[in-house]
Amino acid sequence: MDILENLNPQQYQAVTVGSGAVLVLAGPGSGKTRVLTRRIAYLINALGVPPYRILAVTFTNKAARQMQERVTAMISEPLRSLEGIWLGTFHAMCARLLRREHERLPYRSNFVILDEGEQESVIKRALKELNLNDKLYRPSSVLAAISNAKNALLLPADYPRQNYRDEVVARVYERYSQILLNSNALDFDDLLLWAVKLLRENPDVQEKYARRFLHVLVDEFQDTNQAQYELLKLLSAAHGNLFVVGDEDQSIYRWRGADYRNVLRFEQDFPHAQKILLEQNYRSTQTVLDAARAVIDRNAHRTPKFLFSDRGRGERIVFYEAVDDYGEAAYVVDTIQQWLVSGRARGSDFAVMYRTNAQSRLLEEAFLRARLPYRLVGAQRFYGRREVKDVLAYLRLAQNPLDEVSLLRVINVPPRGIGDKTLVNLQLVAQHNGVSPGQVLLDLGRKGEESPYWEAFKGRSVLTLADFGALIAGWQELVAAGAPLPVLFDRILADVGYQRYVDDQSEEGLDRWENVQELRRLAYENQERTLAEFLEGIALVSDQDTLNESTDAPTLLTLHAAKGLEFSQVFITGLDEGLLPHSRSRDDPEAMAEERRLFYVGLTRAKDRLYLVRAAQRSSFGAPEYTEASRFLDDIPDELLKREGVRLGRAMPGTGLRGVWASALRWESAPQKSSPAVVPVTTFRPTQRVRHPTYGEGIVLESRIEDGEELVDVHFESVGFKRLVASMARLERVERQGNGMSGGAG
DNA sequence: GCGTTACATATTTTT
DNA sequence: TATGTAACGC
């Protein structure tokens, strides 16, 4: 394939631009990935740049993998390979750098990478050690503060102390860092922070890499944080060929330290940078783009862009207001099903997006009920499962016995008689001798009574400790002897009796054991790799990476996870105040602007059809609540919208039944004309009054057929909302004149 | 030291 | 809801 084929003038310019700093501002669907991959291929094929002199950075493994595949396909003979190129995520690149140069760092090359849960447990430990109240200083908020500091390249000593709380956070930060150092462990932020430190403090190292990388290319530049930007500057310093692609309007990771103003800084730092705007959109209909533009134009401080498409106006955007969150999920699934039945669309054409992961549950249930397969990105991730984390902790312990986090996690899992007392003792002994608890254990395990630590323990506790230490010692020997991953895996499970522990023959136990088996399968597939590589691969996978592209089914995913993807038909659900925009962003204009960008990202994922869905009533947990329509909906011009479903006024909080009544009045509910699918026949209709032998009288909110059963949602005067199966519940119609507005509680 | 239970408590997005 | 933790009894 010709690398320069099928490029518009701006894309062509970006692909072939000469040396120096280049900023490509690429609107959604403007061929950003195409530009990036062709640029790399162009450098190699046309300019003869050897792949090993190229550094290309992405945010997700998936993006990296995709880029790798596409570029490889374009590389011409005689090379045909990208051997030597550094193409990966920021974090993977840093991990690689740090392992290579570990002698310049206070870490060993076999350091482990902590995930967020582990970070939090270290914070909790630090708080406890410092006698701080974890109610007052929430681990999550302290962690966020520390993370922000690291993103801004601030070490504990540099942490700004403006008030007492800062002082406390600084002290926790200090202790936290010590624990990590002693554990030979790094968190995600450390990977970046230490990489920058390494390059800054070792000019020879910096020069080595900066000279090597003739070209540095970056995807999603608007999502970089300070540390990442600094790293890019350090690595491109020698040749100055820094090629970044991004879009301020798609910056949605502010909470993680990303700062879209890096785009502005870039222009200041490289005043001669070439700036290229990609504005032609190849993805969406003009209707979708118009709506997206109307939404994003309300944000200040951005480079105005004029996205245009030659795909024509396309269909109007459907706006559906459901009675409640069940109705919302049902609408989504019904609509998709009708398309599928009609044969005019396939499963993978659809995506259902939401703000928070919790929203996926009702949707999943609806899909399950309809017996429609779906694929889910992220959420209760496999690697987050307790049993999986346990086994991984064992593996990490085998690789790095200094890892206190993992040690503390599994030292008494399954229960082996090492309780709080013994644990505190162990830590004391370790501290006294200036070693880590893991080392004490190992020594006890290896030498038994000969160990100098033996006497420090009293009673039989030392026996249990020594037993466990002997296990770890055994695993370590296996690792040192280069035993294959599955062998080590099985040995560990057998040694600790893990199956007996998780699989209690209950359904849940079976499920857990399944997960362990799944992990073992993974180890088997990766048996060519070292334990360290295996663990690092797992530590750095993201949810987005778990998307299985081969399944032909609708995708359920958060708006964040949707970035970079596209679908023929997109549902954005939960368009309620408090959810999108999220309530936590309410009082912060910057956060609110980001909510808007998030919505913008969702809108621009759609190629052909867009459905905006919300629920008039939603239960976050416990009690259902009335919701207000998202303010963002107001910004979409009416002529782009086609309303369906019930119609509600804005905001009827505290008006009791009125909300329910209003929501039960169908405003327009004609089935989509374009869809020949069968409209199920129901016995009950919304607004109809019914009587139930136990609950008394109520009003039908919604009725639909699922799996051949008619499901009726009723609001009873006595008990409120109930979902009934029509054939089971002895529901009677109540024929009555007049408006039923009286009676009932809200 | 272990296991059960009651109770509280918090819920955004993730490399 | 679902998860964690504090308290209790064994």
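First the proteins, then the strands, lettered A, B, ... as listed; each starts at 1. Below, each value reflects all heavy atoms present in this structure, side chains not excepted, and no hydrogens, waters or symmetry copies.
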Legend entry - R254(A) vs dT13(B): side-chain N/O to OP1/OP2 distance below 4.0 Å: no

Legend entry - Salt-bridge criterion met for R65(A) and E69(A) (N-O under 4.0 Å): no

Legend entry - dT15(B) base stacked by F90(A) (centroids within less than 5.5 Å, tilt under 30°): no

Inset, instruction - Choose from dT11(B), dT14(B), dC2(B) the nucleotide whose nearest atom is closest to any side-chain atom of P415(A). - result: dC2(B)

Inset, instruction - Check the distance between dT15(B)'s P and L98(A)'s CG and give it to me in whole angstrom. - result: 19 Å

Inset, instruction - Let me know the distance between NZ of K150(A) and C1' of dT15(B), rounded to the nearest Å. - result: 14 Å

Legend entry - Protein-nucleotide distance (E118(A), atom CD; dT14(B), atom P), rounded to Å: 18 Å

Legend entry - Integer-rounded Å distance: dT5(C) P and D134(A) CG: 8 Å

Inset, instruction - Determine the contact category for R138(A): base if any of its heavy atoms lies under 4.0 Å from a base atom, sugar-phosphate if only primed atoms, P, OP1 or OP2 are that close, otherwise nothing. - result: sugar-phosphate

Legend entry - Non-hydrogen side-chain atoms of L36(A) and T33(A) separated by less than 4.5 Å: no

Inset, instruction - Could you tell me whether D420(A) contacts a base, only the sugar-phosphate backbone, or nothing, with contacts defined as non-hydrogen atoms closer than 4.0 Å? - result: sugar-phosphate

Legend entry - Candidates dT11(B), dG1(B), dG3(B) - which lies nearest the side chain of T422(A): dG1(B)

Inset, instruction - Report yes if a side-chain nitrogen or oxygen of K563(A) is closer than 4.0 Å to either non-bridging phosphate oxygen (OP1 or OP2) of dT14(B); otherwise report no. - result: no

Legend entry - Test: R597(A) cationic atom under 6.0 Å from Y600(A) six-membered ring centre, within 45° of axis: no

Inset, instruction - Verify the contact: side-chain N or O of T356(A) to OP1 or OP2 of dT11(B), cut-off strictly under 4.0 Å; return yes or no. - result: no

Inset, instruction - Please tell me which of the listed nucleotides, dG1(B), dT13(B), dT1(C), lies nearest to the side chain of R361(A)? - result: dT1(C)

Inset, instruction - Give one of base, sugar-phosphate or nothing for S583(A), where a contact means two heavy atoms less than 4.0 Å apart. - result: nothing

Inset, instruction - Would you indicate what E116(A) reaches in the nucleic acid, counting non-hydrogen atoms under 4.0 angstrom: base, sugar-phosphate, or nothing? - result: base

Inset, instruction - Name the nucleic acid region contacted by L191(A), choosing base, sugar-phosphate or nothing; use a 4.0 angstrom heavy-atom cut-off, strictly under. - result: nothing

Inset, instruction - With C1' as the reference atom in both, quote the distance from dG4(C) to dT13(B) in angstrom, rounded to an integer. - result: 22 Å

Inset, instruction - Could you tell me whether the side chains of N110(A) and N184(A) share a donor-acceptor contact shorter than 3.5 Å? - result: yes

Legend entry - Position toward the 5' end of DNA chain B (nearest nucleotide), G419(A) or H91(A): G419(A)

Legend entry - Rounded distance (Å) that lies between atom P of dT1(C) and atom CG of N357(A): 18 Å

Inset, instruction - Look at all strands and tell whether R416(A) reaches a base, only sugar-phosphate, or nothing, counting heavy atoms closer than 4.0 Å. - result: sugar-phosphate

Legend entry - NZ or CZ of R265(A) within 45° of Y229(A) ring axis and under 6.0 Å: no

Legend entry - From dT5(C), dT13(B), dT11(B), nucleotide with atom closest to K124(A) side chain: dT5(C)

Legend entry - Whole-Å distance separating the CD atom of E120(A) from the C1' atom of dA10(B): 12 Å

Inset, instruction - Measure from the side-chain heavy atoms of H560(A) and tell me the nearest of dT13(B), dT11(B), dT15(B). - result: dT13(B)

Inset, instruction - Look at the side-chain N and O atoms of N151(A) and state whether any lies under 4.0 Å from the OP1 or OP2 oxygen of dT15(B). - result: no

Legend entry - Ion pair R618(A)/D324(A), N-O distance below 4.0 Å: no

Inset, instruction - Find the distance L557(A):CG to dT13(B):C1' and express it as a whole number of Å. - result: 12 Å

Inset, instruction - Give a yes/no answer on whether the side chain of N412(A) brings an N or O atom under 4.0 Å of OP1 or OP2 in dC2(B). - result: yes

Legend entry - Pair H91(A) and F59(A), ring centroids less than 6.0 Å apart: no

Inset, instruction - Let me know the distance between CD of E220(A) and P of dT13(B), rounded to the nearest Å. - result: 19 Å

